[in-house]
Asks: 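Please find one structure pasted underneath; my questions will follow.
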Amino acid sequence: MNNKNYIKLIIKSKIAFFSEIKGFIILRTYGYKIWENIKNILNNILIKTKHKNVYFPLLIPKKIFFIDKNHIKNFYKECAIVTHSKFIIKNNKVILDPKSKLEEELIIRPTSESIIWYTYSKIIQSYRNLPILINQWSNIIRLEIRNKIFIRNSEFILQEGHTGHKNKIECINEIIKIKNIYKKFIKNYLCIPFITGFKTNNEKFSGAKFTFTFETIINNYKCLQLATIHYFAKNFSKVYKVKYTNKKGKIKYIWCTSWGISTRLIGAIIMIHSDKNGLILPPKIAPIHIIIIPIIYNNNKNLIYKINKIVYKIKKIFYNKNIIIKYDNNIYKKPGNKFYKYENKGIPLRIIIGKKEIKNNIIEIVRRDNFKKYYYKINNKLYNKILKIFKKIQINLYYKAKKKMKSNTLIINNYKIFKNLFKKKKCGFIIAYYKINKYTELKIKKDTNATIRCLIKKKKIGKCIYTGKITNYIAIFGKSY
RNA sequence: CGGGGUGUAGCGUAGCCAGGAUUAUCGCGCCUGGUUUGGGACCAGGAGAUCACAAGUUCAAAUCUUGUCACCCCGACCA
């Protein structure tokens, strides 16, 4: 899917609309519902693991933001900054009131670590306060030079967890826990395949000891980061002076993590699951699960009455069952028109009711992902039958995407071939043995424009693709979106 | 910031080179009425555009000149 079609699809399926400001979008009801579903699913999982939601302010005072200069070094070049509080009208022109200039500039959060850790330093005193498992659903602004709808918006909504722990074991366990949550969530709910591993020092989140990442391929050759988990060890607590008194009365620094996903996932879903007919949404996050389309002749009132009765029956079966059904009874549109419309919107199932169905006392069910047809009677078994189809769709979407990712992943041990493949845009991921070194990493980037998406430690040793030195690390290379 | 391109209705576009019958073309979408409906219906009617903005040349500018702005693509930058 090229960029033009990607944008067209988003506009046509009414997921989002461009706003007046570059890089800022309007999430429309259909798109926002996808996000709400993502949010609700993940939120419920996080509630079970005893994470609690909070909300911190949108604006961060400059002095707090700059406490950890290392942490924000990637962010201070792309901040939106509030400097004034008033306008005045002068000569019929609206200008900033110079008198209202703020003593200290306020920064619209590009990420919330600074204000959160600053606050933790005031809240946390005892080991009894730990672990602190806090999560925030918020919006942030990063004024990027080049935008791409959902993939790189200037404003996006995200989930950011910020936790504090007594010791290293507890902290690492938290990271493993979140890793498993994200793995299951991205695979089972979004049907997106991925590779996981660690970021290199060049690529990791500033301030982190290590960054664990989830990477996938979109558009056959570009790579996208889906989620990240950062292990800060005591980096943040030392800078922000977040200390607690342990059982023995000794003062200790706490161990920190942060982790997040964002509305970027919507972009990934669109790019990975769409076909030439438009979107395909995994049932678990689809705003509408079933679209019912009637086929009417000659404005036949009797036929319409019969169809309505069947629709009522179906709706009754699914009443209170978390399955959203829409009945498009617009008599001015032809069925074909409706088929195209809802295929484009990616609704997982379509039910057709017409003369044939009434005669045989059945309904026709068509899957969006492979257009397979099912003919079922309307009875109480229908609910379970449809749940089964939904499961099949989820699985099919995942394996289809996984197959595609695999076909765009190559294992290479020759640097010449490696370079050529990236030049010709012939691959997404290239897996190779690699001896970690920040200079060779930059050289490879210069040569190929590809970066190390992640590193994985292996038991077996091999020769580094660039230097030929023995290493037990493999790197997954790719071009970033 | 470099190289290239584009700005005409909600969207996609014709017209621009060679200025004037322009009341700015056509398609999608939208509204009204009627006939339709098993893969994007048809007929009739209707609404919707200071031709990106500004200045200039001219009797006359969507069209020519200059400037400004915005956007897109390829780089650079960037999780």
Side-chain angles (χ1 to χ4, degrees), chain A residues 2-14 17-23 26 28 71-79 110-111 140 142-149 151-154 156 158 197-208 210-216 222-230 258-262 264 277-278 293-300 303-304 307 328-344 350-360 363-364 366 371 373 425 445-446 449 451-454 478-481:
Chain A
N2 62 30
N3 192 39
K4 220 176 171 181
N5 288 340
Y6 170 67
I7 293 167
K8 254 189 191 169
L9 182 53
I10 288 167
I11 304 293
K12 204 179 168 193
S13 60
K14 298 191 180 174
F17 198 71
F18 287 107
S19 79
E20 293 302 305
I21 313 163
K22 188 192 158 198
I26 295 148
R28 304 183 68 176
H71 158 54
I72 47 92
K73 71 176 181 231
N74 281 341
F75 296 114
Y76 68 81
K77 293 170 195 163
E78 48 185 42
C79 290
T111 176
I140 61 172
R142 295 177 190 173
L143 298 176
E144 306 269 0
I145 301 166
R146 202 160 160 188
N147 299 101
K148 187 176 181 72
I149 185 162
I151 304 297
R152 188 160 277 125
N153 280 352
S154 288
F156 53 94
L158 50 56
F198 297 95
K199 285 285 183 195
T200 62
N201 285 340
N202 283 340
E203 296 272 329
K204 74 182 183 194
F205 188 79
S206 27
F210 68 74
T211 290
F212 190 80
T213 179
F214 293 70
E215 302 277 335
T216 196
K222 287 220 173 176
C223 306
L224 188 73
Q225 183 176 299
L226 297 164
T228 47
I229 305 167
H230 311 297
S258 86
W259 28 278
I261 55 116
S262 75
R264 173 184 271 187
N277 296 306
I293 297 170
I295 293 165
I296 304 157
Y297 292 91
N298 297 323
N299 204 8
N300 182 334
L303 182 68
I304 295 173
I307 293 172
D328 189 343
N329 60 354
N330 184 346
I331 54 165
Y332 300 103
K333 294 267 188 231
K334 288 188 73 168
N337 187 300
K338 294 177 189 174
F339 296 161
Y340 282 108
K341 179 178 167 185
Y342 296 109
E343 275 162 20
N344 186 262
R350 164 172 90 215
I351 291 178
I352 296 168
I353 309 166
K355 268 184 180 170
K356 273 191 235 165
E357 285 74 18
I358 290 174
K359 199 179 158 193
N360 300 316
I363 50 172
E364 185 188 282
V366 185
F371 294 100
K373 288 179 182 174
K425 293 186 177 180
K445 193 183 172 184
K446 256 192 181 165
N449 221 352
T451 53
I452 297 171
R453 308 308 305 167
C454 61
K479 285 186 183 177
S480 143
Y481 229 105

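Letters go in sequence order (proteins before strands), and every chain restarts at 1. Since we're looking at a predicted model, the values are computed, not measured.
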Asks: When the distance from NZ of A:Lys479 to P of B:rC77 is rounded to whole Å, what number comes out?
Replies: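 One finds 14 Å between P of B:rC77 and NZ of A:Lys479, rounded.
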Asks: Count the heavy atoms belonging to other residues, nucleotides or ligands that lie under 6.0 Å from OH of A:Tyr332, then report whether that count exceeds 12.
Replies: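 Not more than 12 within 6.0 Å, no.
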Asks: Of all the heavy-atom pairs spanning A:Cys79 and A:Leu143, show the shortest one and how long it is.
Replies: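 The answer is O-CD1, 3.7 Å.
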Asks: When all nucleic acid strands are considered with a 4.0 Å heavy-atom cut-off, which category describes A:Tyr342: base, sugar-phosphate, or nothing?
Replies: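 Contact class for A:Tyr342: none.
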Asks: When we call it a touch if two heavy atoms are under 4.0 Å apart, what does A:Glu203 touch: a base, just sugar-phosphate, or nothing?
Replies: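 If one applies the 4.0 Å heavy-atom cut-off, A:Glu203 turns out to touch nothing in the nucleic acid.
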Asks: Answer yes or no: are there more than 12 heavy-atom neighbours, outside A:Lys355 itself, under 6.0 Å from its atom NZ?
Replies: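 No - once you tally the heavy atoms of other residues, nucleotides and ligands closer than 6.0 Å, there are 12 at most.
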Asks: How many whole angstroms separate atom CZ of A:Phe75 from atom C1' of B:rC78?
Replies: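 In whole Å, B:rC78 C1' lies 11 Å from A:Phe75 CZ.
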Asks: Taking atom P in both B:rC74 and B:rA55, compute the distance separating them and give it to the nearest angstrom.
Replies: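 About 36 Å, rounded to a whole number of Å.
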Asks: Between B:rC16 and B:rU63, how far apart are the P atoms? Round to whole Å, please.
Replies: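 Comparing P positions in B:rU63 and B:rC16 gives a spacing of 12 Å.
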Asks: Figure out the NZ/C1' separation between A:Lys14 and B:rC28, and round it to whole Å.
Replies: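 Taking NZ of A:Lys14 and C1' of B:rC28, I get 13 Å after rounding.
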Asks: When the C1' atoms of B:rG40 and B:rG3 are considered, how many whole Å apart are they?
Replies: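 Roughly 42 Å separates the two C1' atoms.
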Asks: Between B:rA47 and B:rG10, how many Å separate the two C1' atoms, rounded to a whole number?
Replies: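 One C1' to the other, the span is 13 Å.
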Asks: What interatomic distance, in whole Å, is found between C1' of B:rA62 and the corresponding atom of B:rC78?
Replies: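 The same atom, C1', in both gives a distance of 39 Å.
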Asks: Looking at every non-hydrogen atom in both residues, tell me the closest pair between A:Ser480 and A:Lys222 and how far apart they are.
Replies: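 Heavy-atom minimum between the residues: O-CD, 4.1 Å.
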Asks: Quick one, A:Arg264 and A:Leu158 - any side-chain contact, counting heavy atoms below 4.5 Å?
Replies: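 The answer is no; the side chains never approach within 4.5 Å.
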Asks: Return the 5'-most residue of the pair A:Tyr481, A:Phe17 with respect to RNA chain B, ranking by each residue's nearest nucleotide.
Replies: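 By nearest-heavy-atom nucleotide position, the 5'-most residue is A:Phe17.
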Asks: Write down the distance separating the C1' atoms in B:rC72 and B:rA54, rounded off to the nearest Å.
Replies: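 Comparing C1' positions in B:rC72 and B:rA54 gives a spacing of 23 Å.
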Asks: May I have the distance from A:Ile7 (atom CD1) to B:rG12 (atom C1'), rounded to whole angstrom?
Replies: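 Computing the A:Ile7:CD1 to B:rG12:C1' distance gives 14 Å.
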Asks: Might you point out which heavy atoms bring A:Arg453 and A:Thr213 nearest each other, and give the distance in Å?
Replies: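 Closest heavy-atom pair between A:Arg453 and A:Thr213: O-CG2, 3.6 Å.
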Asks: For A:Arg264 and A:Lys341, take the nucleotide of RNA chain B holding the closest heavy atom to each; which residue's nucleotide lies nearer the 5' end?
Replies: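 The residue whose closest nucleotide sits nearer the 5' end is A:Lys341.
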Asks: With heavy atoms under 4.0 Å as the rule, sort A:Arg152 into base, sugar-phosphate or nothing.
Replies: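 Here A:Arg152 touches the bases of the nucleic acid.
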Asks: Between B:rG75 atom C1' and A:Lys445 atom NZ, what is the distance in whole Å?
Replies: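 Rounded to whole Å, this separation is 13 Å.
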Asks: Distance check needed: B:rG12 P versus A:Leu9 CG, whole Å only.
Replies: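 It is 15 Å, rounded to the nearest whole Å.
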Asks: When the distance from CD of A:Glu78 to C1' of B:rC1 is rounded to whole Å, what number comes out?
Replies: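 For the pair A:Glu78 CD and B:rC1 C1', the rounded distance is 17 Å.
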Asks: When the C1' atoms of B:rG20 and B:rC28 are considered, how many whole Å apart are they?
Replies: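 Result for the C1' pair: 32 Å, nearest Å.
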Asks: Please check if the side chain of A:Arg142 supplies one atom and the backbone of A:Pro110 the other of a donor-acceptor pair under 3.5 Å.
Replies: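 Side chain of A:Arg142 to backbone of A:Pro110: a pair is present.
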Asks: Considering only atom C1', compute the distance from B:rA21 to B:rC71 and round it to an integer number of Å.
Replies: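 The same atom, C1', in both gives a distance of 35 Å.
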Asks: Would you mind reading off the distance between A:Phe156 atom CZ and B:rC78 atom C1', rounded to a whole angstrom?
Replies: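 Between C1' of B:rC78 and CZ of A:Phe156: 12 Å.
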Asks: For the residue pair A:Pro294 and A:Ile307, what are the closest heavy atoms and their distance?
Replies: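 Smallest interatomic distance, heavy atoms only, reads CB-CG2, 3.7 Å.
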Asks: Would the A:Tyr340 and A:Tyr342 ring centres measure less than 6.0 Å apart?
Replies: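 Not close enough - the centres of the two rings lie 6.0 Å or further apart.
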Asks: Under 3.5 Å for both distances, Watson-Crick or G-U wobble, that's the pair rule; now give the dot-bracket for RNA chain B, with | marking pairs to another strand and [ ] for crossing ones.
Replies: (((((((..(((.......[.....))).((((((.....)))))).....(((((..]....))))))))))))....
Asks: Output one letter per nucleotide in nucleotides 29-39 of chain B: B when a protein non-hydrogen atom lies under 4.0 Å from the base, S when only the sugar-phosphate is that close, - when neither is.
Replies: -S-----BBBB
Asks: Does the cation-pi check pass for A:Arg350 over A:Phe339, that is, NZ or CZ under 6.0 Å from the six-membered ring centre and within 45° of its axis?
Replies: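 Yes, a cation-pi geometry.
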Asks: How many angstroms lie between atom CZ of A:Phe18 and atom CG of A:Asn147, to the nearest 0.5 angstrom?
Replies: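 CG of A:Asn147 is found 9.5 Å from CZ of A:Phe18.
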